[in-house]
Amino acid sequence: MGNCLTVGPNEALVVSGGCCGSDTKTYVVGGWSWAWWLLSDTQRITLEIMTLQPRCEDVETAEGVAITVTGVAQIKVMTEQDLLAVACEQFLGKSVMEIKAVVLQTLEGHLRSILGTLTVEQIYQDRDQFAKLVREVAAPDVGRMGIEILSFTIKDVYDKLDYLSSLGKTQTAAVQRDADIGVAEAEKDAGIREAECKKEMMDVKFLADTKMANSKRELELQKASFNQEVNTMKAEAQLAYELQAAKEQQKIRLEEIEIQVVQRKKQITIEEKEIDRTDKDLIATVKRPAEAEAYKMQQLAEGQKVKRVLIAQAEAEKIRKVGEAQAFSLEAVGKAEAEKMRLKAEAYQKYGDAAKTALVLEALPKIASKVAAPLSKTNEIVILSGEGNRVTGEVNRLLAELPVSVNALTGVDLTKVPLLQKMTGAQA
């Protein structure tokens, strides 16, 4: 088994060894790798920037002047696979201080060798070129260590014999001398130029005064002409103003009249709308309720009328139905009576006179009862006659007229019945 190791982008992880005696080395920057227990060895080397301050004291230049130079260098371990392998081979297991010490000694050695080939003036006046030369000379050597010089600058250059300050004084004196000469020549040139400028100024001033006088005269003439034109224009403007004012006043009056007309029209419109509103109020409060009431009464009257018509139609239908029922009943009764009479007639024809006589005799008590019905309500009958046998005669007369009445009602002639013949004969 083993471990999964991770490393950030500011470090390089080196995994050595492995199974079966493998001598393969794995370099990981900002990633992970697998390491076997007891078989793999893991080490780390920093990739961060390292700052060096090389210092060369009392180094003689090409002119034999001893100077001291200090600089600042920024270095780091290169991350290319081959160069990283070289750096790991030389610095793996060393601390950052030890790596910085090795590179610092290399840089100081190259710095000393380059100082011996240059003059103080070259070193002092062109520091950037001097630093560039140091980088170019030292880069191959530190590159073979897997180290990259990111920057190198000269921080300070000085000496103990005030050589540099003397160079400064000489230069300063020369500059001061050149400055004084320049000032004198400038003052001379300035005086000459000033005189020339004054002459030119006077000429210009004379020309300017002449032109100013001419301009002033022309200005006065122009002012007079302008005043005349202005007065004329003022008069015309005044007349035009008065005329325009009259026109504007007339327009204002016309607009006032138009405004009054518009106001009157609006007032008429408002009055018409008020009349319409009043009419609508009257219609809504008086006419509409009256129409609604009239419509209600009309509907009620029509309802009553329809009700009466329906009732009358119902009554008529009832009467018609009753009449039809009575007619049907009477028709049935009539048919029954007719059938009865037909049967009686057939019986009469079949049984002869004796049967007819028997039927008549059966009906006589009924006829007599009907005839005597009014008399049943009579308490007393008084027959006035002067003779005693008059009553008997009246009764006999009535009995004699009875066969005639029966014959008229039934068609049976009772005078032909033997029994009645005997009765009437006996009475005669």
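Quick caveat: nothing in here was measured; it's all calculated off a predicted structure. Sequential numbering from 1 along the given sequence is applied to the chain's residues.
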Can you list the steps and then say if Val157 with Ile154 is a side chain to side chain contact (heavy atoms under 4.5 Å, CB included)? CA-CA 8 Å; Val157 177; Ile154 299 301; 3.7 Å; yes
Can you establish whether the number of heavy atoms outside Gln250 located under 6.0 Å from its atom CD is more than 12? no
Consider side chain to side chain contact (heavy atoms under 4.5 Å, CB included). Of Ile114, Leu107, Leu111, which one does Cys56 pass it with? Leu111
For the residue pair Arg135 and Phe152, what are the closest heavy atoms and their distance? NH1-O, 2.7 Å
Flag side-chain contact, heavy atom, 4.5 Å: Leu52 against Val72: no
By the side-chain hydrogen bond (donor to acceptor under 3.5 Å, both in side chains) test, which pairs, at least two apart or in different chains, include something from residues 239-248? Gln238-Glu242, Gln244-Glu248
In the structure I gave you, are the side-chain heavy atoms of Ile99 and Val102 within less than 4.5 Å of one another anywhere? no
Would you indicate whether the side-chain heavy atoms of Val142 and Ile149 approach each other to under 4.5 Å? yes
For Glu57, side-chain contact (heavy atoms from CB on, under 4.5 Å) partners two or more places apart: Arg55, Thr68
About how many Å separate NZ of Lys100 and CD of Gln105, when rounded to the nearest 0.5 Å? 13.5 Å
Heavy atoms only: give me the nearest Ala73-Pro54 pair and the separation to one decimal. N-CD, 4.3 Å
Tell me the closest heavy-atom pair linking Gly146 and Val86, and the distance in Å. N-CG1, 4.1 Å
Is there side-chain contact between Glu48 and Thr46, with heavy atoms separated by less than 4.5 Å? yes
Mind checking the CG-CG spacing from Leu115 to Asp58? Nearest 0.5 Å is all I need. 11.5 Å
Are there more than 12 heavy atoms of other residues, nucleotides or ligands under 6.0 Å from atom CD of Gln53? no
Hey, could you give me the OG/CD distance between Ser95 and Glu98, rounded to the nearest 0.5 Å? 3.5 Å
Rounded to the nearest 0.5 Å, what separates atom OG1 in Thr153 from atom NZ in Lys132? 15.5 Å
Any carboxylate oxygen within less than 4.0 angstrom of a Lys/Arg side-chain nitrogen, looking at Lys199 and Asp203? yes
For Met78 against Gly143, the heavy-atom pair lying closest together: CE-O, 3.9 Å
Below 3.5 Å, can you tabulate the donor-acceptor pairs from side chains in residues 218-236 to any protein atom, sequence neighbours excluded?
| residue | atom | partner | partner atom | Å |
| --- | --- | --- | --- | --- |
| Asn227 | ND2 | Lys223 | O | 3.1 |
| Asn231 | ND2 | Asn227 | O | 3.1 |
| Thr232 | OG1 | Gln228 | O | 2.9 |

Flag side-chain contact, heavy atom, 4.5 Å: Arg277 against Lys273: no
Quick check for you: to the nearest 0.5 Å, what is the distance between Gln260 atom CD and Glu258 atom CD? 11.0 Å
Salt bridge (charged side-chain N to carboxylate O under 4.0 Å, His left out) evaluation trace for Glu302 with Lys305: CA-CA 5 Å; Glu302 290 180 357; Lys305 178 180 177 182; over 6 Å; no
Counting only heavy atoms not in Gln90 (residues, nucleotides, ligands), do more than 12 fall under 6.0 Å from its CD? yes
Minimum-distance pair of heavy atoms, taken over all atoms of Ile147 and Ile75: CG2-CB, 3.8 Å
Reported CG-to-SG distance for the pair Leu83 and Cys88, which is rounded to 0.5 angstrom: 11.0 Å
